[in-house]
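Each remark here refers to the structure printed beneath this line.
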Amino acid sequence: MISDGREIYHDGVVKRLIQFSIIWAVVGMVVGVWLAAQLIWPGLDFGQFWLTFGRIRPLHTNGIIFGFGVSALMATAFYSVQRTSNVPLFMPRLAWICCYGWQVLVLLGGISLLAGWTSTKEYAELEWPFDIVITILWVCFAVVFFGTIATRRIRSIYVSNWFYGALIIVIAMLHIVNNLALPVSINKSYSLFPGAQDAIVQWWYGHNAVGFLLTGGFLGMLYYFLPKQSGQPIWSYRLSVISFWAFTYTYIWAGPHHLHYNSIPEWVQSLAMVMSLILLAPSWATMINGIMTVSKAWRKLSVDPALKFIVLALAFYGLATFEGPMMAIRSVNIVSHFTDWTIGHVHSGALGWNAMITYGTFYYMVPHMMGRELYSVRLANIHFWLALAGTMLYILAMWGAGVSQGLLWLSIDDIGELSYSFNDVMAAMVPYYALRLVAGLIFLAGTVLMAYNLFRTMYGRHTVAVSPPLIIDELQGTVYKEEPREPSSGNAQEVPA
Amino acid sequence: MKYHGVTLHRKLENNIGLLIFGILFISSIGGLVQVLPSIFQESLKTATENSHLYSAVELTGRDVYIREGCHVCHSQQIRPLLAEVERYGPYSRADEFVYDRPFMWGSKRTGPDLHRIGGKYSDDWHRVHLIDPRSVINNSIMPAYPWLAEWEATDLGDIQKKMSVLRILGHPYTDEEIAAAPEEIAGLSQLDALIIYLQVLGTGLAEEYR
Ligand code: HEM
Ligand code: HEM
């Protein structure tokens, strides 16, 4: 975009993606709360086939991951890649196509799930026509993102961009392979892989969708917005380099920990277990790198809601990536597999890490882009406490439920008979499920507060025009500790005046 | 050594093409070493005496199961653990699933495992239970599926096309079986088909493994 002969960053598309992301967050969490309620009062489907648990559970996961998550990732990627490349977006029209195309996809995809179109593969439930559209839109995303980097005016590529890059590349690979199927009709296809092989391929996808989307992509957010918001450079740039490659290499091996003691070869399970344990190292290295980065900005932490969310997200990231490797140990997995413990682990990552870091970056980005203060810092602080309380309660309830399920199902009495029938254990879950419902409502309430707060901040304004700095300014310098190594004088000359 | 590492990384960091290639290369190693061999492992895809080829009706029932999302609450995978075998029956084997596309193992047991549900209850029990679970188990949290009794099995898509597609993938349906398929499902409700599918689940296992 050029105005007065100056280039301007394309922030309009970022703003629109943030708006969509917030809408999907609310929709996805309303569905989550509804699911939680159905597990207490099964009559809440009102006798409607399209409202039954089996159909709206995938709506929850897809709506949240692809609607809320991917929209937020696109928004933050577009925002940060311009600012770390010192150049406006490459092919901005395509970015807009990506933005709206993706929303239509999530909307129609969601409806198709309610209609019962499903491939059943977790987080890849959408049927083949949608898979093709996803592939096309993903390529557009890649073109805009990598095109911007290719036309950058800073020599080196900043670390947040590697994580977004890994997100784009690896998800493309996983998506294409896992969805290979022969179509029968518009809404039905049969997987190319049979039984046990299908399971191995699916969890290679499933775990790495978690790895490169819910973890890697969001680490991209962390590496850009944490230094920005705290005003501190990344504590150790070298550590971020090492943990990036360790992470990219190791994650891929861990998928079969979703299939411990299932009918797949044992060596595959053991390898996955070992790799999952190793994964603790790059995960915690990243967390420590982040915590050390804010350690010089504790004062700011106490007054700044955006930073609070980001730092709390880091703590939950640490929790989820500690719990994960523990659950990947085969003997622990005997207890945790198939139970609500997994659900607790999922949401400690999903609520504590993914949602919180997104909230933090939104609280940072929206006021910056609109050129005005946040509508209400007080509301944001209330949101913070609601989010923390909701997440903690959710996790505690599911630990209680999951560990009891796991142990009671396995329990055998003196004469070698099962101590508890399935229905005994099911009946014992009611209080835990009730707590989880309350937790979900609290978390949802916080999210609604944020939606209100941010829409008020955005209301009636356009994004302010920001141009790429002619020379690397001070703020950029804070993002880069070691990079660019020869401080930019070379690059600066390339920038047209 | 150190010097090389640093310069190599400097190159990656300064060249987007190299960086993309690096990510692709590093991230595919795991898949190539761990997943690819499984795809070529014959024992995971070769039919044995334990494998059961779904009939036209069973296949239709399975597609009802898939469409309704029963797999989000029910696993079909019995692990080789004492308590589990006692609760659900003989543990699951890979060759029992070679005709499962997609696999139905599940990741969450909100309800019990169903891999060996076949023969455990009568058809009538299932009928009553699926139409109104709470009339059988008064605190059940399973959804009720009354409409399945009214919906026709033939509404679930072209069964002949499904079988032909599966035949391309290696399921040994004969021409006669495919020709007879529409007649077999004619007149059945989706509930009938689903129950017939449930009743065959896990029954293919050879005597010696029971
Ligand atoms: C070092 C990191 C991690 C490891 C080793 C790990 C390991 C595991 C294990 C062992 C399971 C249980 C599988 C089962 O028994 O079925 C699991 C489930 C799951 N984890 Fe993690 N986890 C990690 C981090 C995360 C993070 C950060 C998230 C973010 C949201 C996450 C999301 C999930 C999800 C969504 C599932 C459920 C999959 C399903 O069954 O549908 N994990 N993880
Ligand atoms: C208000 C907040 C939320 C509530 C009340 C909620 C509730 C639920 C419920 C009830 C389930 C089904 C559990 C079961 O089958 O037993 C579920 C599954 C799931 N949710 Fe949420 N959820 C919320 C937010 C989120 C968010 C923000 C994410 C992702 C970023 C997320 C990701 C998932 C995933 C991946 C699963 C599937 C887990 C698995 O298959 O193992 N949820 N959620």
Side-chain angles (χ1 to χ4, degrees), chain A residues 39 42 45 49 52-55 57-58 116 118-122 146 149-150 155-157 162 165-166 169-170 173 182 184-185 188 190-192 194-201 204 241 245 248-249 252-253 258 261-265 268 271 334 338-339 342 409-410 412 418 422-423 426-427, chain B residues 9 13-14 16 19-20 23-24 26-31 34-35 38-39 41 44-45 66-73 75 77 79-83 86-87 92-94 97-105 107-110 112 137 139-143 147 157-158 161-162 165-166 168-169:
Chain A
L39 288 178
D45 55 25
F49 68 89
T52 49
F53 190 89
R55 297 191 190 212
R57 189 187 196 267
T118 175
S119 73
T120 78
K121 294 186 165 193
E122 272 185 271
F146 290 120
I149 295 183
R155 168 102 50 77
S156 58
I157 304 166
W162 315 345
I169 296 167
V170 181
M173 168 174 90
L182 279 190
V184 180
S185 60
K188 182 80 195 163
Y190 288 116
S191 173
L192 222 52
Q197 295 182 337
D198 200 34
I200 295 174
V201 173
W204 169 75
V241 174
W245 290 108
T248 307
Y249 174 78
I252 295 284
W253 296 82
H258 292 264
Y261 290 99
N262 285 16
S263 325
I264 63 163
V268 177
L271 191 56
I334 288 181
F338 291 136
T339 71
T342 305
W409 286 341
L410 288 171
I412 288 182
L418 295 169
F422 188 90
N423 293 340
M426 179 180 73
Chain B
H9 206 269
E13 262 175 46
N14 290 342
I16 185 64
L19 188 63
I20 293 177
I23 292 172
L24 202 57
I26 294 290
S27 67
S28 39
I29 297 173
Q34 190 189 32
V35 176
S38 319
I39 300 302
Q41 186 169 338
L44 296 181
K45 58 178 175 188
I66 288 174
R67 189 196 59 201
E68 297 301 333
C70 311
H71 57 276
V72 310
C73 289
S75 58
Q77 176 63 236
R79 297 176 294 173
L81 308 169
L82 183 60
E86 228 175 279
R87 192 181 295 280
S92 307
R93 299 172 164 270
F97 300 103
V98 296
Y99 296 125
D100 272 25
R101 288 173 204 264
F103 77 112
M104 272 302 115
W105 297 356
S107 68
K108 175 80 206 302
R109 279 183 189 150
T110 302
I137 313 282
N139 61 345
S140 173
I141 51 173
M142 172 161 148
W147 49 83
D158 185 345
K161 193 139 178 245
K162 287 182 184 173
V165 167
L166 286 173
I168 299 173
L169 291 170

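Just so you know, these numbers use all the heavy atoms, side chains as well, and skip hydrogens, waters and symmetry mates.
With chain A as the partner, the residue from B:Ser92, B:Ser28, B:Ser140, B:Ser107 showing the most heavy-atom pairs under 4.5 Å is B:Ser107. Per-residue heavy-atom pair counts under 4.5 Å with chain A were compared for B:Pro102, B:Gly31, B:Gly69, and the maximum is reached by B:Pro102. For the set B:Ser75, B:Pro80, B:Ser27, the entry with the most heavy-atom pairs within less than 4.5 Å of chain A is B:Ser27. The greatest number of non-hydrogen atom pairs below 4.5 Å with chain A, out of B:Glu86, B:Gln41, B:Arg93, is found for B:Glu86.
Both the backbone and the side chain of B:Ile16 come within less than 4.5 Å of a heavy atom in chain A. In this structure, the portion of B:Met142 lying under 4.5 Å from any heavy atom of chain A is its backbone and not its side chain. Of the atoms belonging to B:Cys73, it is side-chain heavy atoms, and not backbone ones, that fall under 4.5 Å from chain A. For B:Trp147, the part lying near chain A is the side chain, with the backbone staying farther off; criterion is any non-hydrogen pair under 4.5 Å. At a 4.5 Å heavy-atom cutoff, the contact between A:Trp253 and chain B is made by backbone and side-chain atoms alike. Interface remark: B:Leu81 contributes side-chain atoms only to the contact with chain A (heavy atom separation under 4.5 Å). Interface remark: B:Ile20 contributes backbone and side-chain atoms alike to the contact with chain A (heavy atom separation under 4.5 Å). Contact annotation for A:Thr118: both backbone and side-chain heavy atoms come within less than 4.5 Å of a heavy atom of chain B.
Checked against a 6.0 Å centroid threshold, the rings of B:Phe97 and B:Trp105 count as neighbours.
Here A:Arg55 does not pair with A:Asp45 in a salt bridge; the nearest charged N to carboxylate O distance is not below 4.0 Å.
In this structure a side-chain-to-backbone donor-acceptor pair under 3.5 Å is present from B:Arg79 to A:Ile334. Judged by distance alone, with hydrogens and angles left aside, the side-chain atoms of B:Glu13 form no donor-acceptor pair with the main-chain N or O of A:Ser156 at under 3.5 Å.
Residues A:Ser119 and A:Lys121 have side chains that never bring a donor and an acceptor to within less than 3.5 angstrom of each other.
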